[in-house]
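Just passing along the structure, written as structure tokens.
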Amino acid sequence: MTTGRTDILAHGVLVYEPAYPLNLDATLSCGQLFRWKKREDTWQGVADGRVISLCENGGRLYCTGCSEAFIISYLHLDCACDAIVSGFCRDAHITAAVRRIGGLRIVRQDPWECLISYICAQNANIPFITRMIENLCRAAGRPVTAPDETVRYAFPTPAALAALSLEEIRVCSLGYRAPYIYKTAAAIAADSGWAARIRKLPFEEARRALQAYPGIGPKVADCVLLFGFQKYESFPVDVWIRMIMHRLYGIGNLDTSLTPAEYERIRRFAQEHFGPYAGYAQEYLFAVRESYADEIF
DNA sequence: ACATTGCCTTTGAT
DNA sequence: AATCAAAGGCAAT
């Protein structure tokens, strides 16, 4: 399904007119991706081993560095997201979040990059996560030069990452996460069919299979299922979502640490309340988390 | 078996 | 300068 119109301009610039709203800023800055930077009006990122530039102007998306097919798939533009959004807008809170940042898309990430990125993400904030991943790419990724001469690094292949020693991974400021990355990279480098296998599994089984890798618990598994495998019923519960779900829907209590039982309770409620695209709702709530920041105190 | 607790590195914000 | 929280997971209680 295509839900937009494309043209190719001079110098290989692709112009895309989405038939449904796209909020590029929200999509690239909401914390689902860690490799995109905005300079002036242009986003530059590394995906699929290439440097890609994106710019939004007058409802049009200008893109260089990749194919039309890739960017449409990556940004989830091949989807009538109005139907998805209206499907989970079942109360005033989520409707308000959608009104504020309409056009937020869940990006189709590479499962491998997503897996490693979200192992890094545990107990870290977004600037720190970005630094860890950038360090890993510099240590084991292929250098890629952008049209404007800036040099960036592709995300390492499983083989390249698995070739690093534990110490080489640790000095990417990964701290106690280094052994997780080390072991998981080795397991996946030796098993090229891992992603295809997980993709075919029913949701709960895929979730269990992911948690068999070191450093992957319920939260990271849910992120990988949502961002890497497009399992949109997945509802990752982090400290922010926990706080927001408590505030908006009275689920759980914030006095104790997040127990597995409470995680399950929040996840089940959300899947029931928001429906098959609960994960999309999660990303909208996460994107507006700052407006609930006062709840922490 | 099941739930709870303390610890794990490093960084960025206050 | 010191303290704390950060898109958590794990092994020991």
Side-chain angles (χ1 to χ4, degrees), chain A residues 26-36 97 101 104 106-107 109 113-136 138-139 166-185 187 207-229 231-232 234-247 252-267 270 278-297:
Chain A
T27 299
L28 298 180
S29 70
C30 72
Q32 58 178 320
L33 296 162
F34 305 101
R35 305 220 62 209
W36 288 86
I101 49 163
L104 172 68
I106 291 184
V107 171
Q109 297 188 36
E113 177 172 347
C114 186
L115 182 75
I116 297 299
S117 297
Y118 279 89
I119 292 177
C120 294
Q122 65 182 63
N123 210 30
N125 53 32
I126 290 171
F128 182 21
I129 301 163
T130 303
R131 172 184 288 245
M132 286 189 270
I133 294 170
E134 210 59 42
N135 288 344
L136 275 180
R138 208 181 312 271
L166 179 57
E167 190 52 29
E168 285 173 313
I169 292 174
R170 196 187 300 278
V171 297
C172 293
S173 62
L174 289 186
Y176 70 92
R177 305 165 193 80
Y180 299 157
I181 301 290
Y182 183 74
K183 293 178 200 165
T184 295
R207 195 168 184 265
R208 275 193 294 276
L210 282 172
Q211 291 185 63
Y213 293 108
I216 300 184
K219 196 277 178 178
V220 173
D222 284 335
C223 285
V224 175
L225 289 168
L226 180 60
F227 303 127
F229 289 101
K231 306 276 192 189
Y232 295 114
S234 178
F235 193 87
V237 180
D238 60 70
V239 290
W240 292 98
I241 290 298
R242 181 197 187 195
M243 178 268 291
I244 291 169
M245 292 301 284
H246 177 261
R247 173 157 174 170
N253 70 309
L254 305 180
D255 301 326
T256 60
S257 64
L258 178 62
T259 64
E262 188 184 351
Y263 190 108
E264 281 303 294
R265 204 153 51 239
I266 298 171
R267 176 168 84 96
Y280 242 95
Q282 189 268 12
E283 206 53 20
Y284 273 88
L285 292 174
F286 187 82
V288 299
R289 65 194 177 283
E290 295 297 344
S291 41
Y292 302 109
D294 58 319
E295 178 79 6
I296 290 174
F297 303 103

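Below, chains carry the letters A, B, ... as their sequence lines are ordered, and counting in each starts from 1.
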> Ignoring hydrogens and geometry, is there a side-chain-to-backbone donor-acceptor pair from A/Tyr263 to A/Leu258 under 3.5 Å?
Replying inline: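 Flag not set: sc A/Tyr263 to bb A/Leu258 has no pair under 3.5 Å.
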
>> Just the rounded figure in Å: distance from C1' of B/dT10 to CZ of A/Arg170.
In response: 12 Å

>> For A/Glu134 and A/Arg131: C-alpha separation, side-chain torsions, deciding distance, then whether salt bridge (charged side-chain N to carboxylate O under 4.0 Å, His left out) applies.
In response: CA-CA 5 Å; A/Glu134 210 59 42; A/Arg131 172 184 288 245; over 6 Å; no

> Does A/Ser173 reach the main-chain N or O of A/Met132 with its side chain, forming a donor-acceptor pair under 3.5 Å?
Replying inline: no

> Taking CD1 from A/Ile216 and P from C/dG8, how many angstroms apart are they, rounded to a whole number?
Replying inline: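 In whole Å, C/dG8 P lies 14 Å from A/Ile216 CD1.
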
> Rounded to the nearest 0.5 Å, how far does CD of A/Glu168 lie from OH of A/Tyr182?
Replying inline: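 Going from the OH atom of A/Tyr182 to the CD atom of A/Glu168 covers 10.0 Å.
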
> In whole angstrom, what separates A/Tyr213's OH from C/dC10's C1'?
Replying inline: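 The distance from OH of A/Tyr213 to C1' of C/dC10 comes to 19 Å, rounded to the nearest Å.
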
>> Just the rounded figure in Å: distance from P of B/dC2 to CD of A/Glu264.
In response: 13 Å

> Within less than 4.0 Å of OP1 or OP2 of B/dG12, is there a side-chain N or O belonging to A/Arg131?
Replying inline: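 Yes, because at least one side-chain N or O of A/Arg131 sits under 4.0 Å from OP1 or OP2 of B/dG12.
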
> Of the nucleotides C/dG8, B/dT9, C/dA7, which has the atom closest to the A/Val220 side chain?
Replying inline: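 Closest nucleotide among those given: C/dG8.
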
> When you measure from the side chain of A/Thr259, which nucleotide among B/dG12, C/dA7, B/dT4 comes out closest?
Replying inline: B/dT4

> Looking only at N and O atoms, is any donor in the side chain of A/Asn123 or the base of B/dT10 less than 3.5 Å from an acceptor on the other one?
Replying inline: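 Side chain to base: no pair present.
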
> So what does A/Gln282 touch, heavy atoms closer than 4.0 Å: a base, only the sugar-phosphate, or nothing?
Replying inline: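 Base contact.
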
> Where the side chain of A/Ile126 is defined as all heavy atoms beyond and including C-beta, which of B/dG12, C/dA6, C/dA7 is the nearest nucleotide?
Replying inline: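 Closest of the options to the side chain of A/Ile126: C/dA7.
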
>> From NZ of A/Lys183 over to P of C/dG9, roughly how many Å is that when rounded to an integer?
In response: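 Result: 15 Å.
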
> Can A/Phe128 be said to stack with the base of C/dA6, given centres closer than 5.5 angstrom and planes under 30 degrees apart?
Replying inline: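 Check failed, A/Phe128 does not stack on base of C/dA6.
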
>> Considering every strand and a 4.0 Å limit on heavy-atom distances, what is the contact class for A/Phe227: base, sugar-phosphate, or nothing?
In response: base

> DNA chain C: A/Ala221 or A/Arg177, which has the more 5' nearest nucleotide?
Replying inline: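 So the residue in question is A/Arg177.
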
> Quick one: which of A/Gln211, A/Gln282, A/Arg207 gives a side-chain contact (heavy atoms from CB on, under 4.5 Å) with A/Asp222?
Replying inline: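 The option that passes is A/Arg207.
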
>> Let's see if you can work this out: which of C/dG8, C/dA7, B/dG12 has an atom nearest to the side-chain heavy atoms of A/Gln122?
In response: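 The nucleotide sitting nearest to the side chain is C/dG8.
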
>> I need the CG-C1' distance between A/Leu258 and C/dA7, as an integer number of Å.
In response: 12 Å

> How close or far is atom P of C/dG9 from atom CD1 of A/Ile119, stated in whole angstroms?
Replying inline: 10 Å

> When the ring planes of A/Phe227 and A/Tyr118 are compared, do they come out parallel, tilted or perpendicular, using 30° and 60° as the limits?
Replying inline: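 Parallel, since the angle between the ring planes stays under 30°.
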
> Paired with C/dA7 by Watson-Crick or G-U wobble geometry, both distances under 3.5 Å: which nucleotide is it?
Replying inline: none

> So which nucleotide from C/dG9, B/dT5, C/dA7 ends up closest to the side chain of A/Ser257?
Replying inline: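 Closest of the options to the side chain of A/Ser257: B/dT5.
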
> With a non-hydrogen cut-off below 4.0 angstrom, is A/Gly31 in contact with a base, only sugar-phosphate, or nothing?
Replying inline: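 Base contact.
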
> Does the pair A/Arg170/A/Glu167 count as a salt bridge with the N-to-O cut at 4.0 Å?
Replying inline: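 Yes.
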
> Does B/dT9 have a Watson-Crick or wobble mate here (both distances under 3.5 Å), and if so which one?
Replying inline: none

> Looking only at atom C1', what distance separates C/dA7 and B/dT4, rounded to whole Å?
Replying inline: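 The answer is 23 Å between these two C1' atoms.
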
> On a whole-Å scale, what distance lies between the P atoms belonging to B/dC7 and C/dC4?
Replying inline: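 To the nearest whole Å, 15 Å.
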
>> Regarding A/Glu283, tell me which of base, sugar-phosphate or nothing describes its non-hydrogen contacts under 4.0 Å with the strands shown.
In response: base

> Has the side chain of A/Tyr118 got a donor or acceptor that lies under 3.5 Å from a partner of the other kind on the base of C/dG8?
Replying inline: no

> If you look at every strand shown and take non-hydrogen atoms under 4.0 Å, does A/Ile129 touch a base, only sugar-phosphate, or nothing?
Replying inline: nothing

> In whole Å, what separates the P atom of B/dT9 from that of C/dA12?
Replying inline: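 Going atom to atom, P in each nucleotide, I get 15 Å.
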
>> Side chain of A/Asn125, heavy atoms from C-beta onward: which of B/dT4, C/dG8, B/dT11 has the nearest atom to it?
In response: B/dT11

> Taking CG from A/Leu210 and P from C/dG9, how many angstroms apart are they, rounded to a whole number?
Replying inline: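 One finds 12 Å between P of C/dG9 and CG of A/Leu210, rounded.
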
